[in-house]
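First the structure, in the form of structure tokens, and then the observations on it.
Order of the sequence lines sets the chain letters (A, B, ...), proteins ahead of strands, with each chain counted from 1.
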2 protein chains.
Amino acid sequence: MLSNASKYAILSTLYLAEHSNEERKISVKEIAENIDIPSPFLAKLFQQLVRGKIISSTKGPHGGFYLSEKNKKKNVLDIIDNIDGLNKLNGCFLGLNECDSTNPCPVHYIVVPFKNNILEKFRDITIMEFAQEISDKGTFLAINNIDPSLDGPAE
Amino acid sequence: MLSNASKYAILSTLYLAEHSNEERKISVKEIAENIDIPSPFLAKLFQQLVRGKIISSTKGPHGGFYLSEKNKKKNVLDIIDNIDGLNKLNGCFLGLNECDSTNPCPVHYIVVPFKNNILEKFRDITIMEFAQEISDKGTFLAINNIDPSLDGPAE
DNA sequence: TTATTAAAGGATAAAAAGGTCCTTTATTAT
DNA sequence: ATAATAAAGGACCTTTTTATCCTTTAATAA
Ligand code: FES
Ligand code: FES
């Protein structure tokens, strides 16, 4: 449903939302270590996200990636769209041509409510709001189960 | 979430459930044409499903694939398990290590109810019951949107 | 028993996804 | 200016997924 690339991009962008700002830019290396993603692969993803104006970057010493005020208002669906395109998320769960109620597959009516829920989450709140929610709820961002004391949800 | 291979296997097995029995075996070719799957690929999948005792086959004239009475009591999850393994379905939506409520990812509480629903569907009813439901509801099995008059849900 | 049919199985190929490396470019500090 | 730093970009590699082809085996019918 989502490629690894999209998952990495989502987690890393949320990491940026929590830990970076225009004054505190973050290198690929730092994020790759914290989220446990191969860093050259993440570098590619970030290049693409910068081109897509989802995140921002500056080169040179103390350079790195960060979210501009504009970036913070993007939503998670923009990330997915930028990396995977939207079809992957919208497509039929069993791979039929179209997913719509005029031509429902055997699991269509199970899948649709879920899709609506997750789309709402991904489309209707900003990256910053999403990141805020994660902090508040104490849910986890790292692919490896990290010790919460090392990198607690509170900023 | 599911590989193409699994999707093909599910659709094709449901096709068998609807159209075959011990006296009326069906060739790979027929199914591949009806469900619109590359036939050598489906042949491989069916070989594997036979080895996994999900479907049955006989060689020679009037041979083909069919569901034995035992096969009909298998469920869709057995198909997925046989082709993809269960991890793919059970894993975290964002790719974190484990999907459980002690370590929830940002979308965990959206994903879990859906997963439970679809697992229930795939685990708790037999292939035959599933196929019956499809006939009753008139949902679609083909990957290409076929004209219902060509291959209607009624046997 | 021989020809025919259809699956089984092995070998391979093409495409996509995932991942790495190296050179170039921009920025900053000295 | 120059050195250091970190992203940008291009080329390339590996693995997995998807797909094809060809030979062998088993079953049946004539
Ligand atoms: S038609 Fe399959 S999920 Fe909607
Ligand atoms: S932890 Fe991510 S879906 Fe459960």
Exercise for review: Determine, for A:Glu33 against A:Lys29, whether the closest basic-nitrogen to carboxylate-oxygen distance falls under 4.0 angstrom.
Suggested key: yes
For atom [atom1] of [X] and atom [atom2] of [N], their distance in whole Å:
X: B:Ile31; N: C:dA7; atom1: CD1; atom2: P; answer: 9 Å
X: B:Ile37; N: D:dT17; atom1: CD1; atom2: P; answer: 18 Å
X: A:Leu49; N: D:dA8; atom1: CG; atom2: P; answer: 10 Å
X: A:Glu30; N: D:dT5; atom1: CD; atom2: C1'; answer: 15 Å
X: B:Asn4; N: C:dA14; atom1: CG; atom2: C1'; answer: 15 Å
X: B:Met1; N: C:dA17; atom1: CE; atom2: P; answer: 18 Å
X: B:Lys53; N: C:dA8; atom1: NZ; atom2: C1'; answer: 15 Å
X: B:Gln48; N: C:dG10; atom1: CD; atom2: P; answer: 13 Å

Looking for any heavy atom pair under 4.0 Å, which part of the strands does [X] touch: base, sugar-phosphate only, or nothing?
X: B:Ile26; value: sugar-phosphate
X: B:Ile55; value: nothing
X: A:Lys25; value: nothing
X: A:Phe65; value: sugar-phosphate
X: A:Ala43; value: nothing

With a 4.0 Å cutoff (strictly under), does any side-chain N or O of [X] reach OP1 or OP2 of [N]?
X: A:Ser57; N: D:dA8; result: yes
X: A:Lys88; N: C:dA17; result: yes
X: B:Arg51; N: C:dG9; result: yes
X: A:Tyr8; N: C:dG18; result: no

Review point. So which of B:Thr13, B:Ile26, B:Asp36 actually passes side-chain contact (heavy atoms from CB on, under 4.5 Å) with B:Ile31?
Key: B:Ile26
Practice item. Please confirm whether any donor atom in the side chain of A:Lys44 sits under 3.5 Å from an acceptor in the base of D:dG10, or the reverse. Key: yes
When you measure from the side chain of [X], which nucleotide among [options] comes out closest?
X: B:Pro40; options: D:dA27, D:dT20, C:dT27; result: D:dT20
X: B:Ser3; options: C:dC21, C:dT25, D:dT18; result: D:dT18
X: A:Phe41; options: D:dG9, D:dA19, C:dG18; result: C:dG18
X: A:Ser27; options: D:dT20, D:dA7, C:dG19; result: D:dA7

Study note, to complete from the structure: By nearest-heavy-atom nucleotide on DNA chain C, the more 5' of A:Ser39 and A:His62 is A:Ser39
Review point. If each of A:Pro38 and B:Gly63 is mapped to the nucleotide of DNA chain C with the nearest heavy atom, which maps nearer the 5' terminus, i.e. the 5' end?
Key: B:Gly63
Check your understanding: Regarding A:Asn116 and A:Glu120, is there a side-chain donor-to-acceptor distance under 3.5 Å anywhere?
Key -> no
Study note, to complete from the structure: When B:Lys59 and B:Leu42 are each assigned the nearest nucleotide of DNA chain D, the 5'-most assignment goes to B:Leu42
Check your understanding: Between A:Gly60 and A:Val50, which is nearer to the 5' end of DNA chain D once each is assigned its nearest nucleotide?
Key -> A:Gly60
Check your understanding: How many angstroms lie between atom CG of A:Leu77 and atom CD1 of A:Ile125, to the nearest 0.5 angstrom?
Key -> 12.0 Å
Point to revise | Donor-acceptor contact below 3.5 Å, side chain B:Glu30 vs main chain B:Ser27 | key: no
Would you list the atom pairs, donor with acceptor, under 3.5 Å between side chains in residues 40-48 of chain B and any protein atom, with sequence neighbours excluded?
residue: B:Gln48; atom: NE2; partner: B:Asn82; partner atom: O; Å: 2.8

